[in-house]
S.K.: 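The structure's right below; bear with me while I get my questions together.
These numbers were taken from a predicted model, which means no experiment stands behind them. Below, chain A is the first sequence line, B the second, and so on; all start at residue 1.
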Amino acid sequence: MKESNSIFLNGLNEAQSYAVDHFHGPLLVIAGAGSGKTRALTHRIAHLITEYKVDPSSILAVTFTNKAAREMKDRLELLLAKRLSNISHGKPWSTLQVAEQRQIRNRIYREISRELWIGTFHALFARLLRFDIDKFKDPEGLTWTRQFSIYDETDAQSLIKEIVTQDLQLDPKRFEPKKVRWAISNAKNQCLLPDDLVKNEEGQRGRLVAETYRLYRKALAANNALDFDDLLLIPVQLLQQNERIRSYWHNRFKHILVDEYQDTNWTQYELIKLLVTNGKEPSSFENWNNRSVFVVGDADQSIYSFRAADFRILMGFQKDFGKENQDNKNESTLVKLEENYRSTSTILDAANSLISNNKERIDKILRATRGEGEPIKLTRCDDEIAEAEAVIHRLRILDASNPELNWGDMAILYRTNAQSRAIEDSLVRWSIPYIVVGGLRFYDRREIKDLLAYLRLLINPSDSISLLRVLNVPKRGIGKTTVQRLSDAASQLKIPLWEVVSDPEAVRSLAGRSAKGLLIFSELINELQSHLLSSSPAELVQLVLEKSGYLSELIATGTDEAEERRRNLQELVNAALQYQEESEDANLEGFLSTAALSSDADNKDTASNRVTLMTLHSSKGLEFPVVCLVGMEQGLFPSYRSLDDPSSLEEERRLCYVGLTRAKEKLFLFHATERRMWGGMREPSIASIFLSEIPEELVQGDIPLSGGTTLRREKNLDRLTRIDRQENKRSILNEAENGVRRKYSGPSPGKKWSVNDKVEHSSFGEGKITHVFGSGEKISLAIKFAGMGTKILDPRLAPLKLIDE
DNA sequence: GTTCACGTAATTTTT
DNA sequence: TTACGTGAAC
């Protein structure tokens with residue numbers, strides 16, 4: 001069946017090759033950071049199609065982000081195009097004319113990539129539901145149609161708030177909608193229904209959460225809407241209850257690949273199981289002919305347990321799927337990719353050492369394939385402003401002294417989004433181009449959400465959340481009291497709000513003087529609906545913009561802000577056009593799904609040469625030659641919520657591991673001794689425990705930098721600093737040398753604390769100093785206490801005594 | 001019905 | 001420090 005010497009096995013190491021060539025049955029690939037995981041995935045798909053003659057439409061590949069999906073598609077297309085170029089033109093891809101290349105790409109698209117299902121769990125199963133949700137039979141009789149809306153977090157929360165205040169008549173201050181929403185989301189991600197929650201939950205509060213969950217589900221159905229979690233949970237229920245549909249998808253998807261398997265939750269796991277075994281117990285599932293499930297992950301990079309991900313699913317993979325099969329066929333179900341092609345050995349040693357402090361993990365190491373590189377540099381700063389300046393200082397030195405490095409090669413990573421602000425200020429001051437990933441999503445801008453709400457309402461008039469959003473936008477003189485009266489009527493009659501709004505009789509009798517606006521509105525919607533079948537998504541966006549009066553209102557306002565909004569809306573038309581180009585059967589439902597499920601990180605264009613700012617979470621799967629990791633402080637990273645919970649602390653440590661392993665060449669760590677949390681309050685902070693878990697010999701320490709006070713004075717000298725920037729690069733380099741020299745010229749006055757000293761703490765007992773951070777006034781110590789682990793303490797405050805030997 | 005001003009709460013991480 | 005929700009004035 002298989003031709004030997006597949007070109008897709010060339011250039012792979014033994015483990016990668018084994019993974020790519022695996023055909024029948026389950027396989028778990030433990031893939032450390034930078035071990036060529038995406039390479040294995042794309043080569044495998046190409047190999048399955050070309051060597052094992054697998055039909056592309058029977059392949060399902062699940063990624064964690066849309067961006068990863070796109071990258072996988074692109075790389076796969078290129079692999080296949082190169083092969084086809086050799087076969088059909090007899091020459092390498094790079095020597096082909098542009099027209100020939102395009103011709104090949106088109107052919108690959110038509111015959112292969114169009115057929116593949118590659119995407120996130122949410123996107124793929126939303127697609128499945130667009131086929132089959134009308135066949136779903138809910139035990140409580142709830143129904144949805146294929147035109148369902150997808151609610152984002154805000155929509156979901158307002159629905160829950162309505163239930164809490166209106167239906168349950170509870171005080172939203174005591175029974176917070178946000179927390180309830182979180183509890184419900186958690187339940188859904190563990191495959192639990194309201195009834196399961198009733199059984200599990202003890203006490204008043206738990207029962208209220210379960211009741212809210214039940215009502216929320218009912219409300220979603222009434223709006224013909226699903227939240228993100230439903231996109232996974234409803235398919236599970238549907239596949240469990242409907243044997244015909246289950247068999248169809250089971251027979252269709254013969255080869256399933258899951259990336260970032262450590263971050264799957266139990267609902268996603270259930271989906272995989274249903275598709276792979278057609279609902280049978282996985283351990284007794286035998287029929288692996290021409291069928292595989294191939295999961296790739298790294299338990300050390302599991303960072304989404306707050307979203308109900310559970311890396312024990314990864315740890316249990318071998319036990320779950322076909323243990324007997326393994327014995328019968330003498331086939332191993334595990335392969336480890338441990339050779340790292342990304343980072344210097346210094347960076348890897350640091351990461352390996354850090355992660356070895358975790359107890360719960362699969363044993364695995366990263367073997368370096370590259371040179372030692374430079375030491376990691378650690379900088380202590382006075383506060384977050386000084387920290388930002390120190391980071392920028394670093395980047396400027398690099399820019400000046402390494403011609404091959406571009407701004408686009410550098411990334412600044414942080415624990416929380418709020419930390420970006422101080423850094424952005426500094427970047428602006430030094431006129432360094434940058435991009436913040438993961439801030440406000442394009443699709444979350446007010447004007448965009450307004451327009452999308454119109455579109456959602458057009459295809460799904462039951463969607464009252466969308467209706468309420470646009471009913472009086474732009475202003476039509478429809479106020480709160482009118483809306484309340486109409487809503488009351490709708491809920492008494494148990495019909496969607498739209499049916500009241502669109503009934504002229506009802507409007508006249510209920511609305512009084514806002515009747516006119518309401519009539520205009522329902523006429524508008526009716527007219528727009530008449531274009532639904534004949535117009536493309538982009539045309540519909542344009543139509544809504546014009547006919548609703550949204551555009552003319554913005555033009556009339558004439559402010560800069562209105563102009564910005566107008567531009568964004570134009571961008572939405574472009575987004576719709578792009579969607580139409582990219583998808584075969586473009587329709588409005590599809591466009592709205594794409595909009596709902598896209599994230600800011602997906603839109604990051606790697607082409608532009610800018611410094612990247614993002615959270616550690618969004619950095620997963622990426623790599624940069626230069627990485628700056630800021631805010632390495634107890635309470636910030638690790639987050640204060642994890643400080644007294646060992647398993648959350650382990651998750652924070654994994655997050656740190658992810659951060660460190662993003663760096664290819666140069667890694668810089670920063671922490672501040674004082675940080676403005678919110679408002680004007682400054683809070684002292686001590687170095688992160690993670691810093692003490694990186695071997696000291698890999699780190700070149702502390703360059704003292706001028707503090708916040710000096711910088712604030714400098715703000716007035718903005719012009720001067722700009723001039724400074726124009727100066728030749730040597731001055732910047734001198735500055736750097738000075739910085740380093742300062743470190744060595746000033747021996748620490750707090751000399752009495754040094755590494756390996758034995759100390760006694762009044763409550764922790766005897767310990768040994770493993771790290772000294774800073775010096776003089778700003779000193780803190782990492783001390784390893786017997787049986788207590790390592791603590792970071794400020795010796796000026798902590799009851800510590802030096803023990804002489 | 002609309003607008004504006006004031007008070008209060010918030011900071012983990014995201015499909 | 002900002003962003004949001006509430007309430008009272010227009």
S.K.: Expressed in angstrom and rounded to an integer, what is the separation of A:D155 atom CG from B:dT15 atom P?
M.R.: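 Result: 16 Å.
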S.K.: Whole-Å distance between B:dT15 P and A:D263 CG?
M.R.: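 Between P of B:dT15 and CG of A:D263: 12 Å.
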S.K.: Would you mind reading off the distance between A:R654 atom CZ and B:dT13 atom P, rounded to a whole angstrom?
M.R.: 18 Å
S.K.: Whether A:E387 and A:R675 form a salt bridge (side-chain N of Lys/Arg under 4.0 Å from carboxylate O of Asp/Glu) is what I want to check.
M.R.: yes
S.K.: What is the distance from CG of A:N189 to C1' of B:dT14, rounded to the nearest Å?
M.R.: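 Value for this atom pair: 11 Å.
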S.K.: Output the rounded distance in Å from CZ (A:R676) to P (C:dT2).
M.R.: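 After rounding, the gap between these two atoms is 12 Å.
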S.K.: Which whole-number value in Å describes the distance from A:D444 CG to B:dT14 P?
M.R.: 12 Å
S.K.: What stems show up for DNA chain C when you take Watson-Crick pairs (N1-N3 plus N6-O4 or O6-N4) and G-U wobbles (N1-O2, O6-N3), both under 3.5 Å, and require three or more consecutive pairs?
M.R.: B:1-9 with C:2-10
S.K.: What is the separation between atom CG on A:L471 and atom P on B:dG1, rounded to the nearest whole Å?
M.R.: 11 Å
S.K.: With a 6.0 Å cut-off on the ring centroids, do A:F121 and A:F64 count as close?
M.R.: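 Centroid distance A:F121-A:F64: not below 6.0 Å, so no.
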S.K.: When you get a sec, tell me which of C:dT6, B:dT11, B:dT15 is the closest nucleotide to the side chain of A:T65?
M.R.: B:dT15
S.K.: Using side-chain contact (heavy atoms from CB on, under 4.5 Å) as the criterion, point out the one residue from A:R217, A:Q157, A:E153, A:R181 that pairs with A:D227.
M.R.: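 Option passing the side-chain contact (heavy atoms from CB on, under 4.5 Å) with A:D227: A:R181.
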S.K.: For A:F306 and B:dT13, do the ring centres fall under 5.5 Å apart while the planes stay under 30° apart?
M.R.: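 According to the criterion (under 5.5 Å, under 30°), yes, A:F306 stacks.
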S.K.: Answer yes if the ring centres of A:H671 and A:F637 are under 6.0 angstrom apart, and no otherwise.
M.R.: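 Centroid separation for A:H671 and A:F637: 6.0 Å or greater.
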S.K.: Calculate the interatomic distance between A:K480 atom NZ and B:dT3 atom C1'; express it in whole Å.
M.R.: 11 Å
